[in-house]
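Values reported hereafter were calculated over all heavy atoms of this structure, with side chains retained and with hydrogens, waters and symmetry mates removed. What you see is a predicted model; the values in this text were computed from it and never measured.
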Amino acid sequence: MNFKDKVVIITGASSGIGYALVYEFASHGAKIALGARSEGKLARIAEDLETRGTEAVYEATDVTREADCRRLIERTVERFGRIDILICNAGISMRALFDDVDLDVLRQLMDVNFWGAVYCTKYALPYLQASKGSIVGVSSVAGIHGLPGRTGYSASKYAMTGFMETIRIENLKRGVHVMIAAPGFTASNVRFSALTADGSVQGESPREEEKMMSAAEVAHRIVRGISRRKRTLLMEFNGRATMLIKKFAPGLLDKLYYNHMAKEPDSPFK
């Protein structure tokens, strides 16, 4: 994995998988551009990277705002002169039945998870075409098969997957690598900040964090996937099983997911 002096943009870089990706790429000698909403957190991370010998730049970025995404790209090119890798990682989740959810929650999921990837890709693409670089969409198993209680999350990840696959096809002759990374449930803060039916933050996870893959392990696998220029990165058994069962027995998969989610504490399916 030779990423020495490669310029990497990471959205959602202040926590979770994004934060882990920052340090994983830094360990391989990359130059990092960080985007997230919290300018204070980004400044502290960038300062820490600089003390470790990693060149870094940051831009406060709300990915639901096209202008913010454009500034992140422009700031990166202004500092480093190029872009080699764009990782569209910023995302939010939800936990509510469609019967109960406020539709504004679904719009917010689409704005962050789908439009955030679209905006960043739009402005970074010319530079990635020039470098024959990589675009990574951090999706989910929920982007492979609908996840009950997560309608907006699944829909937004499906939309991002379709967008990324189309970008891949349109750039077949330009050397741009596009990878869709689909972690399973990961020990990160995305579930703690998941939106409930009325748009309020969940504040706690119903799952056992200690049994999940760590954000650091997800980051390591994503970086390795980029080095191998993989198309789709399924990181654990559930993801691979989902793909297989969906192909041969989609009805069975529906039942398995229903029963699995019904076991959650305070499950709306009980």
Side-chain angles (χ1 to χ4, degrees), residues 1-13 16-33 82-91 113-114 116-118 120-121 124-125 127-145 154 156-188 190 212-247:
M1 294 187 287
N2 184 14
F3 293 101
K4 177 69 174 173
D5 294 327
K6 297 293 184 183
V7 177
V8 184
I9 298 177
I10 302 168
T11 65
I17 293 172
Y19 179 83
L21 281 164
V22 167
Y23 284 92
E24 181 69 23
F25 275 110
S27 72
H28 292 284
K31 301 175 182 179
I32 315 293
R82 60 182 289 136
I83 301 171
D84 296 290
I85 300 169
L86 168 66
I87 301 185
C88 299
N89 166 74
N113 298 349
F114 172 65
V118 171
C120 289
T121 301
L125 188 57
Y127 302 102
L128 292 163
Q129 289 167 340
S131 66
K132 300 187 185 302
S134 294
I135 305 171
V136 177
V138 179
S139 184
S140 165
V141 173
I144 298 171
H145 192 75
S154 283
S156 62
K157 292 302 187 181
Y158 263 89
M160 187 184 73
T161 295
F163 169 71
M164 290 289 175
E165 288 181 344
T166 305
I167 294 298
R168 176 193 293 134
I169 295 167
E170 290 182 354
N171 287 273
L172 277 176
K173 302 297 183 181
R174 296 187 177 186
V176 177
H177 163 237
V178 178
M179 183 177 80
I180 298 162
F185 290 105
T186 305
S188 69
V190 68
M212 299 180 190
M213 185 178 292
S214 70
E217 178 61 22
V218 171
H220 176 74
R221 294 188 185 204
I222 288 174
V223 172
R224 186 173 59 190
I226 295 170
S227 72
R228 296 175 178 178
R229 295 181 80 85
K230 293 179 69 70
R231 291 167 53 92
T232 304
L233 182 64
L234 302 173
M235 300 190 196
E236 36 87 90
F237 174 78
N238 285 343
R240 292 187 287 272
T242 295
M243 290 284 280
L244 183 64
I245 299 172
K246 183 167 186 172
K247 183 176 181 179

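- Minimum heavy-atom separation, A90 to N113: O-OD1, 4.1 Å.
- A side-chain contact (heavy atoms from CB on, under 4.5 Å) with M179 is found for exactly one of I135, T232, I222, namely I222.
- Formation of a donor-acceptor pair under 3.5 Å by the S131 side chain with backbone atoms of I83 is found in this model.
- Using a 4.5 Å cut-off on side-chain heavy atoms (C-beta onward), R221 and M213 make contact.
- Atom CZ of residue F25 and atom CD1 of residue I9 lie 11.5 Å apart, to the nearest 0.5 angstrom.
- Looking at T121, its side chain never comes within 3.5 Å of a backbone N or O of V118 through a donor-acceptor pair.
- Listed here is the closest heavy atom pair of H28 and V223: CD2-CG1, 4.1 Å.
- Note that CG of L234 is 9.5 Å distant from OG of S139, once rounded to the nearest 0.5 Å.
- In plain terms, the two heavy atoms of A219 and I17 that are nearest each other are CB-O, 4.5 Å.
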Would you sort out whether R168 and V176 count as a side-chain contact (heavy atoms from CB on, under 4.5 Å), showing the intermediate values? CA-CA 7 Å; R168 176 193 293 134; V176 177; over 6 Å; no

Candidate pair V136 and C88, rule side-chain contact (heavy atoms from CB on, under 4.5 Å), full reasoning: CA-CA 6 Å; V136 177; C88 299; over 6 Å; no

Show the numbers, then the answer: is there a side-chain contact (heavy atoms from CB on, under 4.5 Å) between I180 and F163? CA-CA 10 Å; I180 298 162; F163 169 71; over 6 Å; no

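- Considering every non-hydrogen atom in both D5 and K31, the closest pair reads OD1-CE, 3.7 Å.
- Of the possible donor and acceptor atoms, none in the side chain of K6 sits under 3.5 Å from a partner among the backbone N and O of G133.
- Looking only at distances, no side-chain donor or acceptor of Y127 sits under 3.5 Å from a matching main-chain atom of D84.
- Looking only at distances, a side-chain donor or acceptor of S154 sits under 3.5 Å from a matching main-chain atom of A142.
- A donor-acceptor pair under 3.5 Å is formed between the side chain of T11 and the backbone N or O of N89.
- Heavy-atom minimum distance, H220 versus E24: ND1-OE2, 3.2 Å.
- Interatomic distance, CD of E170 versus CD of E165, reported as 12.5 Å (0.5 Å rounding).
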Can I85 and F3 be said to form a side-chain contact (heavy atoms from CB on, under 4.5 Å), step by step? CA-CA 10 Å; I85 300 169; F3 293 101; 3.7 Å; yes

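- V7 places none of its side-chain heavy atoms less than 4.5 Å from the side chain of I32.
- A pairwise comparison of heavy atoms in M160 and G137 identifies CE-C, 3.6 Å as the closest pair.
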